[in-house]
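Worksheet: one structure, shown below.
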Amino acid sequence: MPYAPYGHHKPCPVVVSPVDSCVVEALMSLIGKIVILETTRGRLDGCVLDVKQDHVVLEERHKKFFVRIAEIVWIMPD
């Protein structure tokens with residue numbers, strides 16, 4: 001086997017998703033409250049049920065929506 005100084009490893013994809021900690025903090029302070037979210041797809045209003053680093057769970061008319069934080073344009077407490 002010939003010497004391979006740099007190795008022959010297959011490149012591994014790396015997923016990078018920036019976390020907007022200010023938006024996550026703001027949403028966490030609104031858990032249990034009604035908010036209006038403007039997203040790149042339109043407006044949603046409902047109660048903030050849960051917040052994760054990459055998404056927020058919003059309940060609107062007994063339906064749950066999982067909204068990616070990266071898609072949020074602005075947030076307004078109702």
Worksheet item: What are the two closest non-hydrogen atoms of Pro77 and Leu30, and how far apart are they?
Response: CG-CD2, 4.0 Å
Worksheet entry | Spacing of CZ belonging to Phe66 relative to CG belonging to Leu49, to within rounding of 0.5 Å | 8.5 Å
Worksheet entry | For Glu59, all residues meeting salt bridge (Lys or Arg N to Asp or Glu O under 4.0 Å), sequence neighbours excluded | none
Discussion item. Could you go through Val48 and Leu58, starting from their C-alpha distance and side-chain angles, then the distance that decides it, and tell me whether this counts as side chain to side chain contact (heavy atoms under 4.5 Å, CB included)?
Written reply: CA-CA 5 Å; Val48 177; Leu58 198 70; 3.9 Å; yes
Discussion item. Which Ile, Leu, Val, Met, Phe, Trp or Tyr residues join Val73 in one cluster when any pair of side-chain heavy atoms under 4.5 Å counts as a link?
Written reply: Ile36, Trp74, Met76
Practice prompt. Using the test salt bridge (Lys or Arg N to Asp or Glu O under 4.0 Å), find all partners of Asp50 that sit at least two apart in sequence or belong to another chain.
Written response: Lys52
Worksheet entry | Contacts of type salt bridge (Lys or Arg N to Asp or Glu O under 4.0 Å), residue Lys33, not counting sequence neighbours | none
Worksheet item: About how many Å separate NZ of Lys64 and SG of Cys47, when rounded to the nearest 0.5 Å?
Response: 11.0 Å
Practice prompt. Would you kindly confirm whether Val24 and Phe65 end up in one hydrophobic cluster when ILVMFWY residues are joined by side chain heavy atoms under 4.5 Å apart?
Written response: yes
Discussion item. Once rounded to the nearest 0.5 Å, what's the spacing between atom CG of Asp20 and atom CD of Gln53?
Written reply: 10.5 Å
Worksheet item: Nearest 0.5 Å, what's the CG-CD1 distance between Leu37 and Ile75?
Response: 6.0 Å
Worksheet entry | Any Ile69 side-chain heavy atom under 4.5 Å of Leu27 side chain | yes
Worksheet item: Who pairs with Glu60 by salt bridge (Lys or Arg N to Asp or Glu O under 4.0 Å), at least two apart in sequence or on another chain?
Response: none
Worksheet item: Would you say Met28 and Ile34 are hydrophobically clustered, going by side-chain heavy atoms of ILVMFWY under 4.5 Å?
Response: no
Response to the item:
Residues pairing under salt bridge (charged side-chain N to carboxylate O under 4.0 Å, His left out) where one sits in residues 69-78, two or more places apart or in two chains, turn out to be Arg68-Glu71
